[in-house]
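Here is the structure we will look at, set down as structure tokens.
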Amino acid sequence: MAFSRSCSLLFLGIFCTCGFVDPYRVGVGIADVTGPVAEVTFMGYAKLEQKGMGLHLRQYSRAFVIEDNGNRMLFVSVDVGMIGPAMRKEVLERLNRKFGTLYNEQNFILSGTHTHSAPGGFLMHLLFDLPSLGFVKQTFTALVSGITQSILRAHNSMVEARIFLNSGELLNVNINRSPAAYLFNPEEERNEYKYDVDKEMTQLKFLSAYNNEPLGVINWFAVHPTSMNNTNRLVSSDNVGYASILFEEYANGGLPGKGPFVASFASSNLGDVSPNIKGPHCLNSGLPCNDVSSTCDGEAKICIASGPGRDMFESTRLIATRLFEKAKELWGNGNEQEVLGPLRVGHQFVDMPKQTAHYIARNGSSIKVRGCLPAMGYSFAAGTTDGPGEFDFKQATLTGNRMWNTLRDLIAAPTSDEKECHYPKPILLNTGKISFPYEWQPKIVSVQVALLGDVAIGAVPGEFTTMSGRRLRKAIAAAYQQNGRSVRKVIIAGLSNVYSDYITTPEEYQLQRYEGASTIYGPHTLTIYLKVYRELTNSLLLDRKIDPGPNPPDFSNKLISLVPPVIFDCSGFTNRFGECIQQPHKRVKRGEVVKAIFISGNPRNNLMHGKTFLTVEKFNKENWDVVATDSNWETKFIWMKSSKLSPNSEAIIEWETGSKTELGTYRIRHIGFYRYIFGGIHPYEGLTEAFEVVDN
Ligand SMILES: *[C@@H]1O[C@H](CO)[C@@H](O)[C@H](O)[C@H]1NC(C)=O
Ligand SMILES: *[C@@H]1O[C@H](CO)[C@@H](O)[C@H](O)[C@H]1NC(C)=O
């Protein structure tokens, strides 16, 4: 097909005129996956008290189906911290019931955007579910059903399509948060690159083959969605999620999350990459922190990175806008090149602790290395400058202390062989040896590669650092060269299919910053990946059969969950659900924030997928038109109980007006469900009185 299509371009100059040319077919779909917006701890910062208290931006799943000559691939990017194998498996089971094996282990890439402001408890591996008090079925189900829904929409929207590749440099969006570790990489290697983080955005653009109508876009750029920090309590898809909403609004108009155009900003090798570009400073003195340990006078908790905005909301908006503007420029600047050629996708489960590989040392000698059982180092507990840890740990810790080692040994003591395997990482949690009540961290990971002509996508099971990602791109490109072919672009799809924490280079590992301490299969985790990705790419290029590898264990029947359910809601003796107990001001000047308070039920009673907890409505002669929902940037839905154990609760709705807000008459509606004390979940609604937005 590669030949026939380029032949049509070369000799006829007109696409689709050769009878034997068959273009790709592409479908795109979006669906709501928002989890419980209250009372569940967010996944990412591992901060127990960072529990949801409402909603700023809904979480979405964005699906892209690509077909070439009967070969399919399914790429899905989800506004979620990361992906667990059980999530992927459950989605596949639902798809299998409808489509047989059309979508399968081999051709389905499920990638998380890595937002740190969405509810947790969906991963099953115990270490990752600890901050959310175990498994949270409601989060898991919201994700699985929303992801499936987005795929069905993509499946049903497939049309003949053309795919284009473009890329460009974007500055002022990311910095390295472990620059001292980056400097451990060989100087010759560092000299190949201008920056210590990747500044390139890579874009795949999808157009209908009939009329060039825009269908969708995927943009990869390496940056952590940690513009919203660990004090945020409103569910948010963070910088990349808002960039998606901005692009979709630009293409579709209308309200967020409704399609038909779908724009994804997907994760990449973001391991050591922060969006907080003002860099880390000491909260007490305002001075930069110690570069190696990220401490201020020995304390890690007060060394925090922020920026570029005044507060985290403005930082999120600025980073998102820069991402969106760059993507829009790539979409329209005319430098794109058409992607042509056959599609191949392959997936393999790999048991990391059982792997060996060869590492070429700097003196040129080849050393046999191995994977270790999973373990976390001391510096893991220090957290990062995007969100420091809770205890008195520091990054770059190379020796353990007696108290924590004693505690560690009570849970699972590492053998001298295990200590040696992870050296120089001092083990804080020997997770690979803990099986109570079930696995804490995975041993079996997903390795997956998709080839779309001369564009390759390596889907990776965790957070590759900048240099790890660069080495992986070279390894995949080497497989092409080995076959006498060249590759135009290698894309890294981050946080795909399973979560196995970080992957640093063996050199970065030596400093044991947070990322090194969280490289769980030891110093040569990357060395092993370079080998298996190269082999997998080679097999795909040669059309060889791929060994599926060992199946990961299923412990879904052993899960522990400690999040209490909603018992019942109460509106108080004199009030009713949905009653507005604080009206907005009658006249609001553009630029002011409108605020209303309603008697509410617990938002966990119904997640309102595809719907909204609030609407802002504008009066237009005879109708009230909805101008914003709970997923618009300008609105915030804040939910709180009247007191800690009380069944009474209130919803505070804020709507930020601005220079673009039309003058006129408005009202705000709150929509929800309450759980009745004698059973059942019932809908309610409430409205404010009308108010005017006037000129300043
Ligand atoms: C989070 O951001 C807010 C501003 O929005 C700031 O006041 C606070 O210090 C930051 N906290 C942390 C822990 O980063
Ligand atoms: C080369 O370097 C490795 C690792 O640093 C070391 O183990 C080995 O002994 C060295 N070999 C020679 C010939 O110097």
Side-chain angles (χ1 to χ4, degrees), residues 41-54 56-57 115-117 131 175 177 184-189 223-236 238-239 242 273-289 294-296 299-320 356-370 381-395 420-421 423-424 505-511 514 522-524 526-527 593 633 636 638 654 656:
T41 304
F42 289 170
M43 181 62 196
Y45 291 114
K47 199 170 169 190
L48 212 62
E49 63 267 40
Q50 195 193 7
K51 287 194 170 68
M53 272 184 60
H56 186 215
L57 300 173
T115 174
H116 281 44
S117 287
I175 60 167
R177 70 181 188 191
F184 272 54
N185 293 308
E187 192 179 352
E188 317 84 77
E189 185 183 33
V223 67
H224 254 78
T226 48
S227 289
M228 298 302 289
N229 71 30
N230 68 12
T231 65
N232 170 43
R233 308 275 299 266
L234 301 180
V235 169
S236 170
D238 209 299
N239 48 34
Y242 186 43
V273 191
S274 167
N276 296 312
I277 59 177
K278 276 195 211 156
H281 289 90
C282 301
L283 285 185
N284 52 0
S285 63
L287 296 171
C289 326
S294 290
T295 51
C296 306
E299 224 190 306
K301 265 181 265 185
I302 55 172
C303 168
I304 286 170
S306 66
R310 260 172 293 125
D311 58 28
M312 58 182 160
F313 287 97
E314 195 186 44
S315 295
T316 303
R317 186 174 58 75
L318 289 172
I319 296 290
T356 58
H358 286 277
Y359 174 66
I360 310 297
R362 296 191 61 190
N363 59 19
S365 66
S366 166
I367 305 162
K368 190 169 175 191
V369 296
R370 58 176 168 147
T384 71
T385 51
D386 288 339
E390 302 272 324
F391 300 99
D392 212 8
F393 290 92
K394 307 189 215 340
Q395 298 199 64
E420 189 192 309
C421 193
Y423 184 82
T505 67
E507 296 84 357
E508 290 162 355
Y509 185 91
Q510 302 305 311
L511 185 60
Y514 173 83
H524 287 289
L526 176 66
T527 314
V593 177
W633 178 266
K636 293 192 181 90
I638 302 157
E654 291 182 2
E656 195 181 336

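Computed from a predicted model, the values in this text were never measured in an experiment. Both ligands and their constituent atoms are indexed starting at 1 by order of listing.
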What residue and atom, counting heavy atoms only, is the protein's closest point to [atom], and at what distance?
atom                   : answer
atom 5 (O) of ligand 2 : Ala361 CB, 4.5 Å
atom 7 (O) of ligand 2 : Ile367 CD1, 4.4 Å
atom 8 (C) of ligand 2 : Asn363 ND2, 3.8 Å

Checklist entry - Heavy-atom distance to atom 6 (C) of ligand 1: which of Asp311, Thr226, Asn229 wins? => result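 Shortest heavy-atom distance from atom 6 (C) of ligand 1: Asn229.
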Using a strict 4.0 Å cut-off to heavy atoms of [X], name the atoms of ligand 1 that fall inside it.
X      : answer
Met312 : 4 (C), 5 (O)
Ile304 : 12 (C), 13 (C), 14 (O)
Thr231 : 1 (C), 11 (N)
Asn230 : 13 (C)

Checklist entry - So which heavy atom on Gly307 is nearest to which on Lys278, and how close? => result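 The answer is CA-CG, 3.9 Å.
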Next on the checklist: Hydrogens and angles aside, do Ser274 and Asp386 bring a side-chain donor and acceptor to less than 3.5 Å of each other?
Outcome noted: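 Looking only at side-chain atoms, Asp386 and Ser274 do form a donor-acceptor pair, the distance falling under 3.5 Å.
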Checklist entry - Using a distance-only test with no angle check, is there a side-chain donor-acceptor pair under 3.5 angstrom linking Asn185 and Glu508? => result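 A pair is found: one side chain offers a donor N or O, the other an acceptor, under 3.5 Å apart.
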Next on the checklist: Parallel, tilted or perpendicular: which one describes the rings of His56 and Phe313, with boundaries at 30° and 60°?
Outcome noted: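 Rings of His56 and Phe313: perpendicular, as their planes differ by over 60°.
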Checklist entry - Charged N to carboxylate O under 4.0 angstrom, Glu188 versus Arg362? => result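 Yes, charged N to carboxylate O under 4.0 Å.
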Checklist entry - Is there a side-chain contact between Tyr242 and Arg317, using heavy atoms and a 4.5 Å cut-off? => result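 Tyr242 reaches Arg317 side chain to side chain.
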